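Quick caveat, the model's predicted, so the values are computed rather than measured. All ligand and atom numbering here is 1-based and tracks the order in the structure.
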Amino acid sequence: MVAATIIKMLMVLELLVVSTTALLDPMDFLALQSIRKSLHDVPGSSFFTTWDFTSDPCNFQGVYCESDKVIALNLGDTRAGSPGLTGRIDPAIGKLTGLTEFTMVPGRVIGKIPQTVSQLSNLRFFAVSRNYLSGEIPVGFGELRNLRTLDLSYNQLTGSIPHPIVSLSSLTNLILCHNHLTGSLPSSFSSNTLTRVDLMHNNLTGFIQPDSLPPSVQYLSLGWNKFTGPVDGLLTRLNRLNYLDLSMNRFIGFIPCVLFTYPITHLQLQRNQFIGPVQPTQQVSISTVDLSYNRLSGPVSPMLSTVQNLYLNNNRFMGSVPAEYVDRLTDGTIQTLYLQHNYLTGFRINQTADIPLSSSLCLMYNCMVPPAQSACPLKAGIEKTRPTVQCSELRG
Ligand SMILES: *[C@@H]1O[C@H](CO)[C@@H](O)[C@H](O)[C@H]1NC(C)=O
Ligand SMILES: *[C@@H]1O[C@H](CO)[C@@H](O)[C@H](O)[C@H]1NC(C)=O
C-alpha cells in the first residue's frame with residue numbers, strides 16, 4: 001500500500017520534472033529554429049546532428065537553459081581540428097532574451113553580426129573569433145550593460161569601433177584584433193575592470209588620449225595600426241601592464257622610464273617614431289624588449305643588460321656598450337642582443353672569450369669594427385661599419 005503510494009508519487013514527480021524542463025519559452029524555441037536554419041556544419045563537423053526539434057532543445061549540444069530560457073549558446077563542434085560552421089547568424093538571436101553567453105567556434109560563418117544583439121540585455125560573453133563576419137560592429141553592443149567579453153577577432157569587420165562601448169561599466173576583455181577597422185580608439189572607457197584590449201592588425205588612426213583607457217588594463221596590444229601622437233601620458237597611468245605591443249604604428253615622443261618597472265614580460269615598441277634616451281632607473285627584468293626601428297638616442301643603458309632578448313637596432317644609440325652586456329653574453333643569460341645600425345663606438349669583448357652558440361649578438365653598421373663572432377639577421381646588410389663621415393659628424 002505504502003509502496004504503491006510512493007511509486008505513484010515518484011511518477012507524478014517525474015512528470016513534473018519532465019514537463020518543467022520541456023517547457024522552453026516558445027519564443028526561444030522559434031529563435032533556435034531560425035538560428036539552426038541559417039547555419040550548417042562544414043563537412044567534417046557534426047555539431048547539429050543532435051538538434052532534433054521533436055525533442056527538448058535544452059538537451060541539444062551547445063544549448064544551456066535555466067527554467068524556460070536559453071542562457072548559453074555555444075555553437076559548433078569544439079573538438080580540435082573541427083572545421084566549424086558555415087552560413088550566417090540569424091537576427092532571431094535577439095529573441096533569446098535570457099542569453100548570457102554566445103560563442104561560435106572558428107569556421108566559415110559570413111554576413112553581418114545582427115543589430116538585434118542589442119536586445120540581449122543579459123549578455124555577458126560574446127565570442128565569434130576566426131570566421132568571415134563582415135560589415136560593421138553593431139552599435140547596440142554599447143547598450144549591453146552586463147557585457148564583459150567581446151571577442152570579434154580574426155574576421156572581416158569594417159567601420160569604426162562603436163563609441164557607446166566606452167560606457168560599458170563591466171567590460172573586461174575587448175578583443176577586436178585582425179579585422180579591417182578604421183577610425184580612432186573611442187575615449188574614455190569607463191569600466192574599471194577593463195583588463196585586456198587587443199586591437200592589433202587593423203587600420204585604426206588618430207591620437208590616443210592619456211585618459212582613454214583605465215589603469216586596470218594589463219594587456220594592451222595596438223600593434224600594426226596607424227595610430228599616432230605621444231603615448232607617454234597614457235603609459236605612465238597604465239601601471240598594471242603585463243603585456244604591451246605598440247609596434248608598427250606612428251607613435252612619437254618619449255618612452256617613459258616608469259614603463260620598465262611594470263610587471264611586463266613582453267615589451268614591443270618597434271617600428272614607431274619614438275625619440276630621446278632610454279634610461280631605466282633600475283635593472284629591468286622584462287624578458288623581451290624590442291625598441292628597434294625608432295629614433296632613440298643617447299647611451300645604451302646598463303639597466304637593460306638583464307633583458308634576455310634585447311632589440312635596440314636601427315636607432316641612434318651612441319657611445320660604448322657597457323661591460324655588463326659582455327658579461328651577460330659570455331655567461332649565456334642574454335640570448336639576443338641586436339645593436340646593429342646605430343652609432344656605437346665600442347664593445348670591449350675579450351677576443352678569446354666565447355659567446356655561447358645559443359646567443360646572438362649583432363653589431364653591424366656602427367662606428368666600430370664588430371667582433372668576429374657577430375651573428376646578424378640578413379636584414380642587417382653586409383656593411384660591417386658605418387661610413388666614417390657619418391661617425392665623425394656625430395662626434396663633432
Ligand atoms: C589597411 O588599409 C590599406 C590601404 O587601404 C589596405 O591595403 C590594408 O589591407 C588595410 N589593412 C587592414 C588590416 O585592414
Ligand atoms: C681574456 O680571457 C682569458 C680567458 O678567459 C683570460 O685568461 C684573460 O686574462 C682575458 N684578458 C683580458 C684582457 O681580460
- Protein contact to atom 13 (C) of ligand 1 [nearest heavy atom, distance to 0.1 Å]: N179 O, 3.6 Å
- Query: Which atoms of ligand 1 sit under 4.0 Å from any heavy atom of N203?
  - Reply: 1 (C), 2 (O), 3 (C), 8 (C), 10 (C), 11 (N), 12 (C), 14 (O)
- Message: Any protein heavy atom at under 4.0 Å, with atom 7 (O) of ligand 1 as the reference point?
- Response: no
- Can a cation-pi geometry be assigned to R36 and F48, taking NZ or CZ under 6.0 Å from the six-membered ring centre and within 45° of the ring axis? yes
- How far is atom 14 (O) of ligand 1 from its nearest protein heavy atom, and which residue and atom name does that atom have? H180 ND1, 2.7 Å
- Query: Any side-chain heavy atom of L75 within less than 4.5 Å of one from F47?
  - Reply: yes
- Message: So, taking the atom named CZ in R145 and the one named CZ in R124, what distance separates them when rounded to the nearest 0.5 Å?
- Response: 15.0 Å
- Between F126 and F141, is the ring centre distance below 6.0 Å? yes
- Item | Cation-pi check, R196 onto Y219 ring (under 6.0 Å, within 45° of axis) | yes
- Message: Just to check, does L181 reach to within less than 4.0 Å of ligand 1 when the distance is taken from its heavy atoms?
- Response: no
- Message: Any protein heavy-atom neighbour for atom 11 (N) of ligand 1 (distance below 4.0 angstrom)?
- Response: yes
- Message: Within the protein, is there a heavy atom lying under 4.0 Å from atom 2 (O) of ligand 1?
- Response: yes
- Could you check if a side-chain atom of W51 sits within less than 4.5 angstrom of a side-chain atom of L32, using non-hydrogen atoms only? yes
